[in-house]
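As structure tokens, the structure follows; a few thoughts come after it.
In what follows, chains carry the letters A, B, and so on, assigned in the order in which the sequence lines appear, proteins first and then strands, with residues in each chain numbered from 1.
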There are 2 protein chains.
Amino acid sequence: MIGIYLLEQLAAFQEYGTLSESAEHLHLSQPSLSRSMQKLEKQLGVKLFERHKNKLILNDTGILAASYASRILADEAEMETQIALHVRNKTALSIGSCAPGPLMNILPSLAGRCSEMTVSSDLTTEEELLKGLYANQYQMIILNHPVSSEEYTSTEYVTEHLYLSVNRMHPAASYHSITFKEMDGQNFIMYAKVGVWDALVQKKMPHAKFFRQENLEALSEITDNSDLPSFATDIALHYQSDRHSNRITIPFSDSDASITFYIICKVSADSRLKQIIRQIISAV
Amino acid sequence: MIGIYLLEQLAAFQEYGTLSESAEHLHLSQPSLSRSMQKLEKQLGVKLFERHKNKLILNDTGILAASYASRILADEAEMETQIALHVRNKTALSIGSCAPGPLMNILPSLAGRCSEMTVSSDLTTEEELLKGLYANQYQMIILNHPVSSEEYTSTEYVTEHLYLSVNRMHPAASYHSITFKEMDGQNFIMYAKVGVWDALVQKKMPHAKFFRQENLEALSEITDNSDLPSFATDIALHYQSDRHSNRITIPFSDSDASITFYIICKVSADSRLKQIIRQIISAV
DNA sequence: ATCACTTACGGGTGACGTAAAAATC
DNA sequence: GATTTTTACGTCACCCGTAAGTGAT
């Protein structure tokens with residue numbers, strides 16, 4: 001059986017081209033590498049290099065061997081990361097979401113389990129979410145649509161509604177509802193990390209301008225001292241402890257102003273995770 | 001980096017269930033295995049086993065690790081076999097075929113190269129041929145149809161025609177051509193290793209009986225001393241040195257009595273192989 | 001008593017570094 | 001002269017086997 005260290009060294013040689021350079025990166029002496037490559041040839045019973053007096057070059061067999069070596073090393077690295085994730089996932093729950101609202105809903109409903117596990121959540125793009133779910137970096141993700149795949153299960157979770165937030169001086173303050181069209185062209189202050197909502201308001205109000213603020217407290221101060229309209233959602237309002245009485249919230253009446261979120265997880269998820277999902281859903 | 005020997009031992013433990021049993025198959029002492037598994041856990045920083053006083057069982061993490069280990073070992077084995085095949089394929093040419101005729105055509109046309117390489121040919125089923133081509137056990141195969149795949153190239157090679165072979169006493173001896181229907185129900189002597197021809201004559205003459213002989217010389221003797229009809233093809237007749245004057249060959253006029261063969265090889269084949277194929281085709 | 005795992009101890013292989021030589025740029 | 005590869009030699013790590021111990025069947 002071929003030692004894995006030989007494969008590492010072969011792959012390094014393919015990458016760096018010379019023994020010296022490879023030895024540098026591997027933190028090894030270059031005579032050691034020279035010996036290793038000879039040993040590898042001997043063990044495989046095959047010439048892997050063209051040997052010139054002062055130069056060592058992979059021949060076609062060597063290139064083939066190096067490509068296999070790289071694959072094996074990648075497999076080995078994946079094994080380590082997946083094992084580490086597997087044990088981490090016993091005591092930790094990583095949730096990825098395309099919007100903050102569903103996370104605000106989920107975290108309190110896990111209250112009873114907080115002592116047993118650490119929950120971490122993440123807000124990012126759908127592409128990253130799916131990638132992370134595939135690689136077990138997330139155990140579940142929240143998307144604004146189900147996925148049709150044999151590999152994943154999609155469960156409808158919650159529908160979030162968008163509201164306009166204005167102070168009492170704003171012309172729309174007396175409205176019972178509002179539309180995107182009516183507000184298009186105005187300037188908005190908004191939270192920067194709203195996920196899919198961002199693209200939605202941009203698309204629905206193409207003539208509007210949006211001033212985004214990453215920091216929630218700063219945002220709060222700004223909106224308090226500004227006449228610019230802002231946004232809210234039913235979920236956010238529900239969990240927002242300090243409601244500002246000088247702000248009025250008005251629902252958008254457009255049907256696009258509601259987003260239904262779905263919990264996606266692997267069908268191969270273990271029973272513990274599926275139990276948690278049931279708990280989350282039943283807590284709505 | 002995890003030593004490959006640890007992965008072997010882990011995979012063995014998964015297969016055999018106990019350290020003692022595994023040690024047996026690995027030709028190792030069982031204390032050595034015990035130490036190895038502890039070391040593996042330490043290196044991964046993870047518990048892989050449930051440890052009872054007298055029993056060692058893989059936990060879920062261990063099962064995951066073992067499955068990765070098996071994959072890595074399989075990759076490693078594939079690397080060795082593919083490298084061995086790669087060097088062998090520099091000086092050897094392995095051809096697989098679904099019928100003997102095309103091989104009879106090919107081998108002489110490689111005459112000029114016989115000194116540089118050893119040619120080996122094989123007659124088997126389409127399934128085995130495709131499997132062997134995929135695994136680089138054959139560099140090219142001969143099928144009775146092209147394959148539609150991005151991975152393979154199919155080149156029309158030669159069409160072989162089936163003949164009836166009878167002695168002068170046979171009722172059909174004076175015919176200029178014959179059909180399957182006319183011969184259906186009779187008893188035939190035939191060579192056992194005719195590949196796809198076998199299924200063809202069975203299908204076209206469902207009421208006929210076939211006596212197959214594996215040995216060519218024995219077949220020759222039998223046909224010489226028998227009144228039973230037999231088969232021939234244009235290619236076989238062309239390369240058959242000792243034509244028996246007491247036998248008459250009559251072409252089957254059915255369109256199914258001709259088979260067109262195709263040379264299949266990987267698109268990733270090297271230029272040397274493609275050159276050989278050009279040579280083979282131009283020699284028809 | 002046998003079987004299965006672990007711990008302890010000693011040995012031999014082998015992977016590494018240093019040193020030195022040969023050859024090329 | 002600087003760089004690259006190869007060979008030689010000594011060292012240390014590590015993987016293995018033997019022997020002994022513990023607990024379960």
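Atom NZ in A:Lys42 sits about 13 Å away from atom C1' in C:dT13, given to the nearest Å. In this structure, the CG atom of B:Leu6 is 12 Å from the P atom of D:dC14, given to the nearest Å. Taking atom CD of B:Gln43 as the reference point, atom P of D:dC14 lies 9 Å away to the nearest angstrom. The CD-P distance, from B:Glu24 to C:dA4, rounds to 10 Å in whole Å. Distance, B:Leu33 CG to C:dC3 P: 18 Å, rounded to whole Å. D:dC14 atom C1' lies 7 Å from atom OH of B:Tyr5, rounded to whole Å. A straight line from CE of A:Met1 to P of D:dC15 spans 16 Å, rounded to a whole angstrom. Here the P atom of nucleotide D:dA8 and the CD atom of A:Gln38 are 10 Å apart, to the nearest Å.
A salt bridge links A:Glu41 with A:Arg51; the closest basic N to acidic carboxylate O contact falls under 4.0 Å. A salt bridge between B:Asp198 and B:Lys193 is absent, with no side-chain N of the basic residue lying under 4.0 Å from a carboxylate O of the acidic one. B:Lys90 and A:Asp60 are joined by a salt bridge, as a carboxylate oxygen and a charged side-chain nitrogen come within less than 4.0 angstrom of each other.
Applying the 4.0 Å criterion to OP1 and OP2 of C:dC16, one finds that A:Gln9 has a side-chain N or O inside that range. The shortest distance between the side-chain N/O atoms of B:Ser20 and the OP1/OP2 oxygens of C:dC5 is below 4.0 Å. Dashed line: the shortest gap from a side-chain N or O of B:Ser29 to OP1 or OP2 of D:dC16 is not under 4.0 Å. Phosphate contact (OP1/OP2 of D:dG17, side-chain N/O of B:Gln30, threshold under 4.0 Å): absent. Contact check, B:Ser32 against D:dT18: no side-chain N or O comes under 4.0 Å of OP1 or OP2.
For the pair B:Lys131 and B:Tyr138, the cation-pi test (distance below 6.0 Å, angle within 45°) is failed.
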Please enumerate all protein N or O atoms sitting under 3.5 Å from an N or O of nucleotides 8-12 of chain C, with distances to 0.1 Å.
none

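Taken residue by residue, residues 45-53 of chain B places heavy atoms nearer than 4.0 Å to DNA chain C at B:Arg51.
If you take CD1 on A:Ile141 and SG on A:Cys98, they are separated by 8.5 Å, rounding to the nearest 0.5 Å.
Aromatic ring pairs are classed by plane angle as parallel below 30°, tilted from 30° to 60° and perpendicular above 60°; the pair A:Phe49 and A:Phe13 is perpendicular.
Residue-level contact check: A:Leu28 touches the backbone only, with heavy atoms under 4.0 Å from sugar-phosphate atoms and none from bases. Contact annotation for A:Thr18: backbone-only contact, meaning every heavy-atom pair under 4.0 Å involves sugar-phosphate atoms and none involves a base. Nucleic acid contact for A:Glu21: none, since no nucleic acid atom lies under 4.0 Å from a heavy atom of the residue.
Between B:Ser121 and B:Leu107, the closest heavy-atom pair is OG-CD1, 4.3 Å. Considering all non-hydrogen atoms of both residues, B:Ile263 and B:Met140 come closest at CG2-SD, 4.0 Å.
Checked by atom type, the side-chain pair A:Arg272/A:Gln275 shows no donor-acceptor distance below 3.5 Å.
In this structure, the nucleotide among D:dC16, D:dT6, C:dT7 sitting nearest to the side chain of A:Leu19 is D:dT6. Closest to the side chain of A:Asn54, out of C:dT24, D:dC16, C:dG14, is C:dT24.
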Q: Please assess B:His145 against B:Tyr262 for the test ring-ring contact (aromatic ring centres under 6.0 Å, His included), listing each intermediate value before the final yes or no.
A: CA-CA 6 Å; B:His145 58 83; B:Tyr262 297 80; 7.7 Å; no
